[in-house]
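Some notes on the structure that comes next.
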Amino acid sequence: MTPSATLEALAKAGIPAPVKPLLTVENLTRVYGKRIGCADVSFDLWPGEVLAIVGESGSGKTTLLNCISSRLTPTCGTVHYRMRDGVSADIYKMAEAERRYLMRTDWGFVHQNPIDGLRMTVSAGANVGERLMAVGNRHYGNIRGAAIEWLARVEIDEDRVDDQPRTFSGGMRQRLQIARNLVTEPRLVFMDEPTGGLDVSVQARLLDLLRGLVSDLGLAVVVVTHDLAVARLLSDRMIVMKEGRVIEAGLTDRVLDDPRAPYTQLLVSSILQV
Amino acid sequence: MIAHAADAPAQNLASYNFAYLDEQTKRMIRRAILKGIAIPGYQVPFASREMPMPYGWGTGGVQVTAAIIGRDDVLKVIDQGADDTTNAVSIRAFFAKTAGVATTTTTPDATIIQTRHRIPETPLHAGQVLVYQVPIPEPLRFLEPRETETRKMHALEEYGLMHVKLYEDIARNGRIATTYAYPVKVEGRYVMDPSPTPKFDNPKMHMSEALQLFGAGREKRIYAIPPHTEVVSLDFEDHPFEIQHFDEPCALCGAEQVYLDEVVLDDKGGRMFVCSDTHHCESRRAEGHRGALLGDEPAFGDQPLTDKEPAL
Amino acid sequence: MNTLLVASEVKKTFIMHMRGGVELPVVANVSFSLKAGACAVLGGPSGVGKSSILKMLYGNYGCDSGQILVQHHGRHVDVASASPRLVLEIRRDTIGYVSQFLRAVPRVSALDVAAEPLLIRGVERETAREQARDLFTELNLPEKLWSLPPATFSGGEQQRVNIARGFITDHPVLLLDEPTASLDAANREVVIELIARKKADGAALLGIFHDLDVRNAVADHVIDVSAFAAGKAAA
């Protein structure tokens with residue numbers, strides 16, 4: 001293929017020249033009394049980009065995730081999100097109704113523990129269909145059809161559609177939670193240790209599934225993880241945090257293969273080799 | 001058929017205020033009612049009082065009735081459509097005694113109808129007030145246990161959860177199996193629990209001539225549907241809302257298109273379906289309608305009920 | 001001939017914070033250029049910093065100083081100072097890389113591993129797989145392996161998957177880190193042929209080859225990395 005053919009292929013595949021960031025975080029700070037949750041964090045996230053936030057427990061990565069996903073009001077700093085109409089909006093200046101609408105349509109949030117992100121006492125189909133109903137879909141057959149389609153995409157058999165997630169294994173619950181979030185085709189998904197607490201083989205399957213969905217749907221993702229292998233597999237870019245501050249940031253393989261900061265070197269050297 | 005109670009009971013019973021509640025309390029409840037009328041379907045919190053009856057026996061409805069009743073009012077009380085069940089009889093007696101108002105069993109004659117779980121079959125007219133006794137006013141409670149969250153959901157009109165409930169119904173039963181307390185949307189805004197009335201009665205709430213007030217004593221909530229208000233039962237496009245249908249007419253009065261109760265007649269499987277609205281059934285029989293069970297003979301229950309009521 | 005990449009005065013030092021901040025100079029003053037239609041080879045004893053240079057060109061290692069200018073989408077951009085986003089774009093469209101070892105992803109088949117660089121560019125999955133199949137056939141990778149994840153493959157099999165992945169695109173610049181190290185003679189010949197084709201298509205290649213036969217067969221000129229040894233530059 002010649003280079004010009006490549007450009008044609010790009011245009012044909014409908015990949016637009018990306019112009020502006022989807023999410024812009026500036027000087028985000030959250031303090032708990034005198035203690036720092038996260039301090040002075042800034043970054044841009046572009047459409048289709050996967051950003052990993054890594055660090056050990058207590059490094060402030062979850063605080064940061066909650067602040068940028070509007071689940072926790074920051075002490076100072078701003079978070080701007082480019083809405084579907086192209087206009088960039090400060091999420092903390094939006095009306096609450098608008099922000100919540102955004103959260104259940106254009107955004108997703110995958111919790112570490114599926115119990116926090118699922119309704120355990122309603123069926124898998126209703127779990128997936130809830131967001132559709134929330135945005136006004138009123139056709140049972142269509143909602144159920146979409147639910148079954150999404151269950152298939154996350155490798156859950158159609159005959160489980162009427163079962164409650166209580167009866168699902170940990171890996172299945174996590175996949176159901178992902179389907180529930182993706183059914184409205186969000187553009188941005190936040191994930192908090194999505195593979196935490198799963199067996200290694202289950203984890204591998206989930207990671208592979210996530211990689212596929214992220215690239216097929218062109219999702220932008222902010223994923224918090226303490227597992228550097230997860231960060232390497234999923235993310236394009238990463239941020240290393242310690243004591244609430246960004247220690248190092250950059251291309252994921254650059255940070256992992258050529259770590260600069262003392263703390264990053266410590267983290268990388270602590271990875272268990274198999 | 002209006003029964004007049006003994007003269008001026010309030011003066012004779014010095015320890016009682018008119019209609020039991022003190023004036024300040026009634027004023028507080030009236031404010032809640034007015035707010036409820038101003039925001040149809042919105043649950044207004046109010047300082048529910050202890051009443052001389054247990055929770056679950058209509059303490060909410062009684063407080064609403066006490067706050068709106070005047071000396072000239074005519075009160076009807078029904079429990080599941082019947083004027084002659086314990087709850088209905090005792091509440092009617094309560095107001096006859098504490099407010100000295102006239103009582104009736106005839107739907108068109110009443111100015112205030114307090115009800116538990118039914119709407120009368122006879123269409124209500126302008127000037128009437130229907131007071132519902134409500135056990136659990138929050139329609140979202142089934143899926144969201146946090147009050148802070150359900151309030152926010154109402155405020156932001158986030159009602160997807162209501163359809164999750166209906167979805168589950170269809171997924172499990174092949175149809176919407178909710179038959180009572182069927183959620184409605186009021187005036188295109190608030191989703192409301194119509195109290196445990198059968199969904200058969202839901203269409204009667206829509207554009208009703210009468211004012212409808214709802215009182216939940218234990219849960220301390222009052223809400224309202226003013227006259228001529230749009231009340232729409234929630235449903236899916238491919239599973240539209242429909243009311244119950246009965247295969248046979250009332251065994252006593254032969255009425256169709258009314259809500260029937262099943263009555264077991266013996267221990268050999270004998271049973272009959274009769275109007276749940278006793279006044280409706282009686283007035284039809286008085287007009288000469290005869291159900292299958294009665295044949296052509298005049299039957300029991302043809303006499304006005306109030307005549308048989310024990311003297312207070 | 002058209003110059004596609006210029007490295008100028010590139011310097012790299014590792015600072016080992018785990019060992020008390022000791023500084024390990026790697027290379028300094030690295031300067032060379034790559035021309036279209038030619039294959040340059042990095043020469044010098046092992047440990048002299050050949051792989052580090054490749055990794056810096058690919059943006060995998062950072063540079064302390066210097067510039068790495070590459071013709072990307074018709075303009076010159078500096079890989080050494082490019083934003084992560086731009087580096088990813090350069091990797092997608094301009095600089096390809098065949099690493100020494102395959103980083104296998106769980107559950108992804110060899111075919112999809114090889115086809116991925118085309119998929120990232122938006123090529124249809126079936127078209128991309130077809131091209132991967134052609135390369136696997138050429139590289140004599142047994143067909144029964146194609147649909148399996150390469151994690152359990154032998155070194156030579158993994159390397160062939162890696163080569164297919166690197167050669168499937170038409171990147172104008174291609175970096176090769178010991179692509180023939182674990183291959184038998186027949187497959188080495190295939191790689192030599194693939195490199196010759198890339199050159200004919202006008203790509204600029206830069207490789208590390210320990211195998212002298214391969215090196216002699218593909219190299220248009222040799223860049224002696226010992227000349228950039230950090231100690232020497234400092235002297």
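In what follows, every chain begins at residue 1, and chains take the letters A, B, ... in the order their sequences are listed.
Using a 4.5 Å cut-off between non-hydrogen atoms, the part of residues 230-240 of chain A that approaches chain C consists of A/Arg232, A/Leu233, A/Asp236, A/Arg237.
A pairwise comparison of heavy atoms in C/Phe136 and C/Ala110 identifies CZ-O, 3.5 Å as the closest pair.
With a 6.0 Å radius and a threshold of 12 heavy atoms from other residues, nucleotides or ligands, C/Glu193 has its CD atom above the threshold.
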When you look at C/His73 and C/Asp93, which way does the side-chain hydrogen bond (donor to acceptor under 3.5 Å, both in side chains) test go after all the steps?
-> CA-CA 8 Å; C/His73 292 177; C/Asp93 296 335; 2.9 Å; yes
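Contact of A/Ala261 with chain C is made through the backbone alone, with heavy-atom distances under 4.5 Å. For a residue to count as touching a neighbouring chain, one of its non-hydrogen atoms must lie under 4.5 Å from one of that chain's; by this rule A/Ser269 touches chain C with the side chain only. Looking at C/Tyr58, there are no atoms closer than 4.5 Å to chain A (heavy atoms on both sides), in backbone or side chain. If you measure heavy-atom distances from A/Arg260 to chain C, the contacts under 4.5 Å come from both the backbone and the side chain.
Ion pairing of C/Glu23 with C/Lys12 is absent here, as no side-chain N (NZ or NE/NH1/NH2) approaches a carboxylate O to less than 4.0 Å. Salt bridge annotation for C/Arg125-C/Glu130: absent, with no cationic side-chain nitrogen under 4.0 angstrom from a carboxylate oxygen. A salt bridge links C/Asp220 with C/Lys199; the closest basic N to acidic carboxylate O contact falls under 4.0 Å. Using a 4.0 Å cut-off between charged side-chain N and carboxylate O, A/Lys242 and A/Glu248 make no salt bridge.
Remark: C/Ser83 pairs with C/Arg85, C/Leu86 by the side-chain contact (heavy atoms from CB on, under 4.5 Å) rule, at least two apart or across chains.
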